[in-house]
A.B. asks: 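Mind looking over this structure? Questions follow.
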Protein chains: 2
Amino acid sequence: MVELDDVLRAARRLEGVVHRTPVLTSKTLDADVGANVLMKAEALQRVGAFKLRGAYNKLAATDPEIRSRGVLAFSSGNHAQGVALAAALHRIHATILMPADAPASKLEATLGYGAELITYDRAGEDREAIGRRLADERGLTLVHPYDDPLVIAGQGTATLELVQDTGPVDVLLAPVGGGGLLAGASTVVRALCPDVRVYGVEPEQAADTKLSFEAGERVEIPFPETIADALMSTMPGALTFPINRERVDAILTVSEDEIVSAMRFAFERMKLVVEPGGAVGLAALLAGKVPLDDAARVGLILSGGNVDPEQFARLLASA
Amino acid sequence: MVELDDVLRAARRLEGVVHRTPVLTSKTLDADVGANVLMKAEALQRVGAFKLRGAYNKLAATDPEIRSRGVLAFSSGNHAQGVALAAALHRIHATILMPADAPASKLEATLGYGAELITYDRAGEDREAIGRRLADERGLTLVHPYDDPLVIAGQGTATLELVQDTGPVDVLLAPVGGGGLLAGASTVVRALCPDVRVYGVEPEQAADTKLSFEAGERVEIPFPETIADALMSTMPGALTFPINRERVDAILTVSEDEIVSAMRFAFERMKLVVEPGGAVGLAALLAGKVPLDDAARVGLILSGGNVDPEQFARLLASA
């Protein structure tokens, strides 16, 4: 398991490395939902998403001798950038496996941090198997995108900052792909916010965690089709699933159109660029899908903003 | 004249009313320009621009009996929203004169704050004359968009927060339309930052302030064509011009394409929506037009983010 102490240790390692991102509010949104919504703007984080937190925490806690041989990650994009930057900050070599169809901005940014890039076919190849083989062959440290206690603890620091800066929340919403962000977030609020209700949010079309919650065990789904490229997991993590089962009340799902509406809301009313996977919590809230009861304070992680302007324009035009 | 004390008084009136917006940084930008660039994100301000500051300060300092008869403003959009919200917060009636071709989002938002809207033809009619006549007829307090000491002092609070939160700057960049934001900004940094150099930035196609600086007196230009709808002034203000002449080192200009490039940079690298008029300072910096010499710290006001997603997409596609 991962506990609050692990997140507090991660926060100390990340001090001065990650931005303490602002918590944004919207009077329009508050009036609409009847609660005070506190949005942690991790789109404004370095690399444009929360992923530097977990990656940097992992590398900082790894034995320097082992770490110096280099690191490897497989990722749909944001984790790739997080590991690439974390490696650059530690002055070590990073090898990144990315799907060939990842957004151009994510591929370019990863190269920009000096990482070596290897692309694969997202629908056809098993990235985890390729990654583990490469790591073995080259003696590299694998930085898993979610199934690692140090990665989970690092991601938890976003929620820790939210609670430290604004006080306890009654409801917490976080996106769920592999489940690392949600596991870190739920660990923090269960420890710090009495009676909190925690919801993970994922696309209807990538509902592996919701189905797994219902089945009571990890369920694998076919390769999902969703605009939320950051949440295209086919199965919850072996480590994240039991944590989330224990600490998360329910998994909510949102449609593709609801995601686009939330991206539009963030652009128009908050002046913030949020990528599809980063907007699912806001989407659930705007669609009236979150059981708020008499919650007064709702925390929400806007987890990333890595979307090309052209892709953004196409998404808004199509919805 | 307007002095630092006026801005400090405004800051006290605005406490708890305006957001203390974050100061954003970009490692990419810093590496590109060779200085630490501190960007005050007033796009994240209530109403999506700095304009609530001046409008609220004006109303808060106006005799309640006179104020209660209602207020009037003429504006290309952001000031309209600022006055509409400031009036709503004071529970008084607001009449707003807006150009019929203002962005739909700005018209809608102004209506949304409960203001009465009167539109006019931007190219053909004299909004100032219409506004003054209406104010006289109805006994309304006119909230001028820039030529008012209380409005200038209010706008200065954005720069005051920037300096308070990050320390003195060596260079300050602010957009200039009528000149209210620049007058407030230059007043603050001249008082608080020894040896600062202050630059106003405007579109090449709306260079009334640059031409006036060169002529040594206020020069009127034909109605300008620029994507920066917030900076379409035809002549500097009678009050703002002498302040800026005394406190501003020079006026820089940027092309329409340079403005769009800056909007793209803000979207892609900073995840921030910035409207054309709000992006001119960043545009000047990215285009290498700012005489930086050995400046280590550059302050910059990203003054607004009120641009429709569709207009944003068209602008980026055309550049």
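Below, read A as the first sequence line, B as the second, and so on, with proteins coming before strands; counting in each chain starts at 1.
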A.B. asks: Apply ring-ring contact (aromatic ring centres under 6.0 Å, His included) to the pair His90(B) and Tyr56(B), showing each step before the final yes or no.
C.D. replies: CA-CA 9 Å; His90(B) 283 95; Tyr56(B) 191 93; 4.7 Å; yes
A.B. asks: Taking NZ, NE, NH1 and NH2 as the nitrogens, is one of them in Arg53(B) or Glu161(B) under 4.0 Å from a carboxylate oxygen of the other?
C.D. replies: yes
A.B. asks: Quick one: which of Glu275(B), Arg269(B), Glu310(B) has the most heavy-atom pairs under 4.5 Å with chain A, could you say?
C.D. replies: Glu310(B)
A.B. asks: With only heavy atoms counted, which part of Arg314(B) is less than 4.5 Å from chain A, the side chain, the backbone, both or neither?
C.D. replies: neither
A.B. asks: Tell me, for Asn306(A) versus chain B, whether the close heavy atoms (under 4.5 Å) come from the side chain, the backbone, both or neither.
C.D. replies: both
A.B. asks: Quick check for you: among Ala266(B), Ala313(B), Ala43(B), which has the greatest number of heavy-atom pairs under 4.5 Å with chain A?
C.D. replies: Ala43(B)
A.B. asks: Measuring from Ser261(B):OG to Leu316(B):CG, what's the distance to the nearest 0.5 Å?
C.D. replies: 8.5 Å
A.B. asks: With chain A, which of Val274(B), Val307(B), Leu24(B) has the greatest number of heavy-atom pairs at distances under 4.5 Å?
C.D. replies: Val307(B)
A.B. asks: I'd like to know which of Thr21(A), Asp308(A), Val273(A) tops the heavy-atom pair count under 4.5 Å against chain B.
C.D. replies: Val273(A)
A.B. asks: Using only atom types and a distance under 3.5 Å, with no angle test, would you say the side chain of Arg297(B) pairs donor to acceptor with the backbone of Pro168(B)?
C.D. replies: yes
A.B. asks: Less than 4.5 Å to any heavy atom of chain B: does that hold for the side chain of Pro309(A), its backbone, both, or neither?
C.D. replies: both
A.B. asks: Between Glu258(B) and Ala287(B), is there a donor-acceptor pair closer than 3.5 Å when you use the side chain of the first and the backbone of the second?
C.D. replies: no
A.B. asks: Can you check whether Thr25(A) reaches Val37(A) side chain to side chain, under 4.5 Å on heavy atoms?
C.D. replies: no
A.B. asks: Between Arg264(A) and chain B, with a heavy-atom cut-off of 4.5 Å, which part of the residue counts as in contact: side chain, backbone, both or neither?
C.D. replies: side chain
A.B. asks: With chain A, which of Lys27(B), Met270(B), His19(B) has the greatest number of heavy-atom pairs at distances under 4.5 Å?
C.D. replies: Lys27(B)
A.B. asks: Between Arg67(A) (side chain) and Leu59(A) (backbone), is there a donor-acceptor pair under 3.5 Å?
C.D. replies: yes
